[in-house]
Protein chains: 2
Amino acid sequence: MAGESKPKTAKMKDVADLAGVSIKTVSRVLNNEPHVQDKLRNKVKDAVAKLEYVPSQSARSLRGNKSYNINLLCHASDSSYINAIQFGAVIACQKLGYQLSISLLEDLHNHSFDEIKAELEQLTHQHRPDGIMLVAPYAGNRMIAFALKELGIDVVRIGPVDLTADGILVEIDDYNASIELTKHLIDLGHKRIAFVRGLENQRATHVRFEGFSMAMNAAGLTVDPELVVPGSFDFSSGMTAGQTLLAHANPPTAVFASNDDMAAGLVTAATMAGVSVPGDLSVVGYDDSAVATRMRPELTTIHQPLHELGEVAIENLIDSFQHKRTGSSRRVVLDHNFVLRDTTAAPKNK
Amino acid sequence: MAGESKPKTAKMKDVADLAGVSIKTVSRVLNNEPHVQDKLRNKVKDAVAKLEYVPSQSARSLRGNKSYNINLLCHASDSSYINAIQFGAVIACQKLGYQLSISLLEDLHNHSFDEIKAELEQLTHQHRPDGIMLVAPYAGNRMIAFALKELGIDVVRIGPVDLTADGILVEIDDYNASIELTKHLIDLGHKRIAFVRGLENQRATHVRFEGFSMAMNAAGLTVDPELVVPGSFDFSSGMTAGQTLLAHANPPTAVFASNDDMAAGLVTAATMAGVSVPGDLSVVGYDDSAVATRMRPELTTIHQPLHELGEVAIENLIDSFQHKRTGSSRRVVLDHNFVLRDTTAAPKNK
DNA sequence: GAGAATTTTGACAAGGTTGTCAATATAGGA
DNA sequence: TCCTATATTGACAACCTTGTCAAAATTCTC
């Protein structure tokens, strides 16, 4: 009960001796392998419990050429979107006996393929993760995915990636979610609807705009190119977009911002300019991240099951390489939800 | 350039053969050990470069009984405070050849010491990190720190911890920062100043309140117990606190919220109640986290160098066990800044 | 220039696990 | 009952690095 002076950890040999079997049998029991009598199996389990034995990860790694480690490749940014996904990923890893580690990747803009590959090789050779998880803004980067494939590392990507992409993909149906969101605005009676794009190197930007356009067209509305403004998925670009749109000679009555952070910036810009939301301007976001319920009015948006995306991603990744299906392709699509809150209303002068 | 069918990784033996030396010499060069001629040293380095050799982490771990892994113990929450610290920690780890992994700890409320220790033993035995980093809300938990100490694991804690605590501590001077912040309100002319506490099991709550009280007393002002309200460091508890305070028969003219999230909730509650900030009510927060500049008006607060806290924490932790100073105690205090923004002004009816 | 002191180098073992393969025990078939 | 087929078990090597210690090479001292 007092200080244990020798926190000497038991090893497999000790368990074997206590159970009166060979270490190989202990190994078999621990890895749930067949060919062990129930009687011995129980003896071993008792010994394991008694000695509080935990296998040495490094020895297993060395012998089995596995690291029991999944690496999450992140960009340096404070994003509650990624935070939530990370959370789900950690849960799944812990459940499956893996460990989630975080690595930061420099900005890879205008880097050549070879440079990117070298960078990734450096990063992965260091700790040799069994798999890598890619989220925005890297999930949609073809060069990264390709480089990792060449390096023989299993990858799971979260979010909308090229339709032709292979590997493991976990996402929601961005296209239809965007249509839903746009329809909501149209159903309220809006006709001049603006769109704030995200980073152009992310497929999310394009898919969401595509859904938006299709919904507009289907309703017989045209997309005014002047009401399509750039953004970079962050708060301040949303503010800028808002200022641009409100300064327009014939401003929109509603805006589709392609994520919540930009929607928040937009609402802030509107409010500061004396434009009331949703009275004078309706705004929708995308993600349902933390900011959506912290701003006022609260944001109408698409809810992405972020924790679940993270969990499912890890589960599929691990399942894939545990069954030696390395290189296999699968695409998992999770459900989204339209969340009606307070930033949308019918336009005034209809 | 095409697909490398054999991504066969070189091992130390290969380097040794190419350089014409023994593997031990290669080992020495790689670990910057003395007793190698410059000539051989260069030969080895060339061979390493040519073969793109990277040592096997698992073999090193097994032999050296190190994991080159630091574990960050987190609570399940979406906190940009922790996010920023994590960021700094990853940077430092990457720089020093370590890996930062994330683990989630269940809520440990009303768990006995033995239960906590068992839980931590389970967690750490799995992957045997070389060190553990503790942040809020666990940094100040005495039982966790003590259990880890008994388990023989090096720990670094971020944030205000007991004055008598040993181990490695990295923090800012919360006491004096709180005094500064309070003085600012007092200097503006405020007399009825409220205080929103954080979680009671965190030392930050107590230190900040202590600073607040001292500053009030020093200025000859009394702290009205009715204006000291509870909180839990999150947005919604800030809103609740705001509602409570505004409903008071004799409401305060200023509020010290013990972190930014609560300050944001408070400002939101005030705005919704038609109380203008800073016109009718001044508000200060603490941390200078992302929300501080995304809310309107922007928040007057104390800036904590979060990235730096994370970096310095990791550096000290690694330095400590690399020099076999396991168990050594040190306390690093980083600079903070008072950040004047738009949520504070002189009271109206002075 | 010979012997001692020091520096440089390498052979070998050890670290804890799992894969391979052979040995043993059990079950099945004639 | 004996032989074959199958299930169970264990001995040993291998994974790749680093610590130990001894051997070899170099430098120093008188």
Side-chain angles (χ1 to χ4, degrees), chain A residues 7-45 47-48 51-69 97-98 125-128 130 321-322 324, chain B residues 7-45 47-48 51-69 97-98 125-128 130 321-322 324:
Chain A
K8 197 163 218 169
T9 37
K11 39 187 203 172
M12 205 172 256
K13 180 79 167 57
D14 301 323
V15 177
D17 288 350
L18 182 57
V21 299
S22 73
I23 54 174
K24 181 65 220 191
T25 300
V26 176
S27 173
R28 274 192 266 261
V29 172
L30 284 158
N31 294 292
N32 286 315
E33 285 172 24
H35 306 308
V36 180
Q37 279 186 345
D38 285 352
K39 192 180 145 195
L40 283 192
R41 199 176 282 274
N42 289 331
K43 261 194 191 171
V44 169
K45 282 183 177 169
V48 166
L51 295 174
E52 295 184 327
Y53 167 75
V54 182
S56 151
Q57 207 63 252
S58 20
R60 304 183 91 174
S61 298
L62 178 58
R63 185 61 238 247
N65 203 30
K66 298 169 211 152
S67 63
Y68 299 92
N69 174 56
Y98 282 70
H125 264 336
Q126 184 87 262
H127 299 282
R128 311 194 194 222
D130 293 335
F321 59 64
Q322 274 189 349
K324 319 242 163 154
Chain B
K8 198 163 218 167
T9 38
K11 40 189 201 172
M12 204 173 256
K13 180 78 166 58
D14 302 322
V15 177
D17 288 350
L18 182 58
V21 298
S22 73
I23 53 174
K24 182 66 221 189
T25 299
V26 178
S27 172
R28 274 192 266 260
V29 172
L30 284 157
N31 294 292
N32 286 313
E33 285 172 24
H35 305 310
V36 181
Q37 279 186 346
D38 285 352
K39 191 180 146 197
L40 284 192
R41 199 176 282 272
N42 289 330
K43 261 194 190 170
V44 169
K45 282 184 176 169
V48 166
L51 296 173
E52 294 184 326
Y53 168 74
V54 182
S56 151
Q57 207 64 253
S58 22
R60 304 184 90 171
S61 298
L62 178 59
R63 184 65 236 246
N65 203 30
K66 297 169 211 152
S67 64
Y68 298 91
N69 175 57
Y98 282 70
H125 263 339
Q126 184 87 262
H127 300 281
R128 312 195 193 224
D130 293 335
F321 60 64
Q322 274 190 347
K324 320 242 164 155

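Fair warning: this is a prediction, and the values are worked out from it, not measured in the lab. Below, read A as the first sequence line, B as the second, and so on, with proteins coming before strands; counting in each chain starts at 1.
Distance OH/B:Tyr68 to CZ/B:Arg60: 4.5 Å, rounded to 0.5 Å. Atom NZ of residue B:Lys45 and atom CG of residue B:Leu40 lie 12.5 Å apart, to the nearest 0.5 angstrom. Here the CG atom belonging to B:Leu62 is positioned 12.0 Å from the CZ atom belonging to A:Arg63, to the nearest 0.5 angstrom.
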- request: Dump the intermediate steps for side chain to side chain contact (heavy atoms under 4.5 Å, CB included) on A:Met12 and A:Ser27, then the final yes or no.
  value: CA-CA 8 Å; A:Met12 205 172 256; A:Ser27 173; 4.0 Å; yes
- request: Mind running side chain to side chain contact (heavy atoms under 4.5 Å, CB included) on A:Arg28 and A:Val44 for me, showing each step along the way?
  value: CA-CA 10 Å; A:Arg28 274 192 266 261; A:Val44 169; over 6 Å; no
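Side-chain atoms of A:Arg28 come within donor-acceptor range of the base of D:dG10, with a qualifying N/O pair under 3.5 Å. For a distance-only test at 3.5 Å, the side chain of A:Arg63 qualifies as a donor-acceptor partner of the base of C:dT18.
End-to-end axis angle of the helix from C:dG1-D:dC30 to C:dA30-D:dT1, from C1' rotation axes over five pairs per end: 40° (rounded to 10 degrees).
By the 6.0 Å contact criterion, CG on B:Asn65 is open, its count of non-hydrogen atoms from other residues, nucleotides or ligands being 12 or less. Heavy-atom contacts from other residues, nucleotides or ligands closer than 6.0 Å to CD of A:Glu33 number more than 12.
Residue B:Lys13 contributes atom NZ, which lies 15 Å from atom C1' of D:dA14 at whole-angstrom precision. When rounded to the nearest whole Å, the span between CG of A:Leu62 and P of D:dA14 equals 14 Å. Between B:Gln57 atom CD and C:dG15 atom C1' the separation is 16 Å, expressed in whole Å. A straight line from CD1 of B:Ile23 to P of D:dC15 spans 12 Å, rounded to a whole angstrom. To the nearest angstrom, P of C:dA14 lies 10 Å from NZ of A:Lys11. Atoms CG (A:Asp14) and P (C:dG15) sit 12 Å apart, rounded to a whole Å. In this structure, the CE atom of B:Met12 is 18 Å from the P atom of C:dC12, given to the nearest Å.
Here A:Lys24 lies in heavy-atom contact (under 4.0 Å) with a base.
Within the structure, a side-chain polar atom (N or O) of B:Ser27 is placed less than 4.0 Å from OP1 or OP2 of D:dT18. When the side-chain nitrogen and oxygen atoms of B:Ser22 are compared with OP1 and OP2 of C:dG10, one or more of them lie within a distance under 4.0 Å. Neither OP1 nor OP2 of D:dT9 sits under 4.0 Å from any side-chain N or O of A:Thr25.
Across every non-hydrogen atom of A:Ser67 and A:Ser61, the tightest pair is CA-OG, 3.8 Å.
Nearest-nucleotide mapping onto DNA chain C: of B:Ala59 and A:Arg60, the residue sitting toward the 5' end is B:Ala59.
Between the side chain of B:Ser58 and the main chain of A:Ser58, no donor-acceptor pair closer than 3.5 Å is present. Checking side-chain atoms of A:Asp14 against main-chain N and O of A:Lys11 turns up a donor-acceptor pair under 3.5 Å.
Of the residues in residues 30-41 of chain A, those lying under 4.0 Å from DNA chain C by heavy-atom distance are A:Asn31, A:Glu33.
Distance from the side chain of B:Tyr53 is smallest to D:dT17 among D:dC15, D:dT17, D:dT18.
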